[in-house]
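Input: a single structure, listed below in structure tokens.
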Number of protein chains: 2
Amino acid sequence: MERHHQWRNRLQDQGYRLTISREVIIDTLGKNTGHLSAEDIYMTIHGEHPSIGLTTIYRTLEILTRMGITIKFDFGDGRTRYELSEEYGNKKHHHHLICTECAKIIDYTDFVDEELELLHKTENELSLKYKFKITKHLIRFYGLCDNCQK
Amino acid sequence: MERHHQWRNRLQDQGYRLTISREVIIDTLGKNTGHLSAEDIYMTIHGEHPSIGLTTIYRTLEILTRMGITIKFDFGDGRTRYELSEEYGNKKHHHHLICTECAKIIDYTDFVDEELELLHKTENELSLKYKFKITKHLIRFYGLCDNCQK
DNA sequence: CTAACTGCAAATTCTTTGCATTAGT
DNA sequence: ACTAATGCAAAGAATTTGCAGTTAG
């Protein structure tokens, strides 16, 4: 079954419709490096689809996030960024390396396995101790990228 | 040397003055559980010090953060939260467990040593590979707290 | 056809800034 | 005294909401 229908079904399951805007937005998230803000998406598609407004992008991202298709990130630069979740995107599990100077974000997959092993062990123990049902972890490094060190 | 003078000196070193507002704000951060937003602080002190405005709180927090006395956190609820840094606060190194339902935040110190060991190892290797000068790490779990699971 | 979706403008929310006044040192 | 700090009101920036017109199924 082709992509178009996959998305349509998935949305319809929740009572939503697959519109041009939504398809374009999902597409954009899939094609780009990720970590796009609502405005990034707007800029990216505005040439081809001038009729899609920022509001629609915000509303779509909210739905997609609610459905688990996208994940919200806040990297500390004042705008929310989105990427397709592991299940729907074309990237494997990764964590982030963020430059505090230029806001550049690097996805790294190195050591993720080791990190995950520890995270899961920790998750289990914390779940028990604090009666928390843990659903998500976050691991991230901040620093200065190659360029900004100069 | 008493606290008052410690803070005064520290601020004066940077050309700042120790004012009532600043003392009260630092105090509030020290006494409370941490993770206070600017408005939380405002609410907390407004009874005793009705003349201290929100603006001053924002401005003070900015200075304190620049001086490394406080640390900014974004837990995803749309407001920036602050806590005294390890050096100045009365808490040891901890990480956070955040309820996605009620926004409750638990500080945990369990396993932090093991986490740190892995983080440092990872930091070293990532620094090399990506030529990043890593200055800060973040590790955090999200989930549902005891109450919100019901 | 009918409910979901949309753009636009206006409203919200958090945070920052300009400016005249007040207060540390 | 001299300059930093402050409160207030206004400005900003990102996001959300109300509403009347549009479109998917």
Side-chain angles (χ1 to χ4, degrees), chain A residues 4-26 28 35-43 45-46 48-67 69-70 72-82 103, chain B residues 3-26 28 35-46 48-67 69-70 72-82 103:
Chain A
H4 176 80
H5 293 99
Q6 284 179 3
W7 292 122
R8 198 183 56 180
N9 291 343
R10 205 153 253 303
L11 284 162
Q12 286 189 339
D13 281 353
Q14 313 285 316
Y16 299 121
R17 293 169 180 175
L18 179 57
T19 61
I20 308 275
S21 315
R22 289 180 184 167
E23 211 162 359
V24 170
I25 292 169
I26 295 173
T28 304
H35 328 119
L36 298 177
S37 67
E39 187 144 16
D40 288 338
I41 296 174
Y42 180 79
M43 302 297 229
I45 68 187
H46 191 257
E48 289 266 330
H49 302 275
S51 67
I52 301 178
L54 238 195
T55 306
T56 296
I57 296 175
Y58 276 111
R59 280 193 277 229
T60 297
L61 290 169
E62 201 204 325
I63 289 173
L64 295 178
T65 301
R66 199 155 55 225
M67 292 179 63
I69 294 171
T70 48
K72 286 169 93 153
F73 286 96
D74 186 306
F75 293 111
D77 65 346
R79 66 207 67 211
T80 304
R81 295 174 177 283
Y82 298 83
Chain B
R3 257 216 176 61
H4 175 79
H5 293 99
Q6 283 178 3
W7 292 122
R8 198 182 56 178
N9 291 342
R10 205 154 254 303
L11 284 162
Q12 286 189 337
D13 280 352
Q14 313 285 316
Y16 299 121
R17 293 169 180 175
L18 179 57
T19 62
I20 307 276
S21 315
R22 290 182 182 166
E23 210 161 2
V24 170
I25 292 169
I26 295 174
T28 304
H35 326 122
L36 298 176
S37 67
E39 187 145 16
D40 288 339
I41 296 173
Y42 181 80
M43 302 297 229
T44 305
I45 68 186
H46 191 256
E48 289 266 328
H49 302 273
S51 68
I52 300 178
L54 239 195
T55 305
T56 296
I57 296 175
Y58 275 111
R59 280 194 276 229
T60 298
L61 290 170
E62 201 205 323
I63 288 172
L64 295 177
T65 300
R66 198 156 53 224
M67 292 179 64
I69 293 171
T70 49
K72 286 170 93 152
F73 286 97
D74 187 305
F75 293 110
D77 65 345
R79 67 208 65 213
T80 305
R81 295 174 176 283
Y82 298 83

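Residue numbering restarts at 1 for every chain, and letters A, B, ... go by the order of the sequence lines.
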Inset, instruction - Verify the contact: side-chain N or O of Tyr58(A) to OP1 or OP2 of dT16(D), cut-off strictly under 4.0 Å; return yes or no. - result: no
Inset, instruction - Say whether, by atom type as modelled, one donor and one acceptor occur between the side chain of Arg22(B) and the main chain of Arg17(B) under 3.5 angstrom. - result: yes
Legend entry - Ile52(A) CD1 to dT22(D) P, straight-line distance once rounded to whole Å: 17 Å
Inset, instruction - Taking only the side-chain heavy atoms of Arg79(A) (C-beta and beyond), determine which of dG25(D), dC14(C), dT15(D) contains the nearest atom. - result: dT15(D)
Inset, instruction - Give the rounded distance in Å between these two atoms: CD1 of Ile25(B) and P of dT6(D). - result: 7 Å
Inset, instruction - Check whether any side-chain nitrogen or oxygen of Tyr16(A) sits under 4.0 Å from OP1 or OP2 of dA4(C), and answer yes or no. - result: no
Inset, instruction - Return the value, rounded to whole Å, for the distance between atom CZ of Arg81(A) and atom P of dA13(D). - result: 16 Å
Inset, instruction - Would you mind classifying the nucleic acid contact of Gln12(A) as base, sugar-phosphate or nothing, using non-hydrogen atoms under 4.0 angstrom? - result: sugar-phosphate
Inset, instruction - Could you tell me whether the phosphate oxygens of dT6(C), OP1 or OP2, come under 4.0 Å of any side-chain nitrogen or oxygen in Ser51(A)? - result: no
Inset, instruction - Look at all strands and tell whether Ser37(A) reaches a base, only sugar-phosphate, or nothing, counting heavy atoms closer than 4.0 Å. - result: nothing
Inset, instruction - Just call it for Thr19(B): base, sugar-phosphate, or nothing, with non-hydrogen atoms closer than 4.0 Å on any strand. - result: sugar-phosphate
Inset, instruction - Return yes if a side-chain donor-acceptor contact under 3.5 Å exists between Thr70(A) and Thr65(A), otherwise no. - result: yes
Inset, instruction - Check every strand shown and say whether Arg59(A) touches a base, only sugar-phosphate, or nothing at a heavy-atom separation below 4.0 Å. - result: base
Inset, instruction - Answer with base, sugar-phosphate or nothing: what part of the nucleic acid does Glu62(A) contact at a heavy-atom distance below 4.0 Å? - result: nothing
Legend entry - Heavy-atom pair of closest approach, residues Asp40(A) and His35(A): OD2-O, 4.0 Å
Inset, instruction - Report yes or no: do Tyr16(A) and Arg8(A) form a side-chain donor-acceptor pair below 3.5 Å? - result: no
Inset, instruction - Calculate the interatomic distance between Arg17(A) atom CZ and dT2(C) atom P; express it in whole Å. - result: 12 Å
Inset, instruction - Among dT25(C), dT15(D), dA5(D), find the nucleotide with the atom closest to the side chain of Arg22(B). - result: dA5(D)
Inset, instruction - Could you check if a side-chain atom of Leu36(B) sits within less than 4.5 angstrom of a side-chain atom of Arg81(B), using non-hydrogen atoms only? - result: no
Legend entry - DNA chain D: 5'-proximal contact among Leu54(B) and Arg8(A) (nearest heavy atom): Leu54(B)
Inset, instruction - Side chain of Thr55(A) only, please: which of dC8(C), dC5(C), dA24(D) is the nearest? - result: dC8(C)
Inset, instruction - Return the value, rounded to whole Å, for the distance between atom CG of Asp13(B) and atom C1' of dG24(C). - result: 16 Å
Inset, instruction - Determine the contact category for Ser21(A): base if any of its heavy atoms lies under 4.0 Å from a base atom, sugar-phosphate if only primed atoms, P, OP1 or OP2 are that close, otherwise nothing. - result: sugar-phosphate
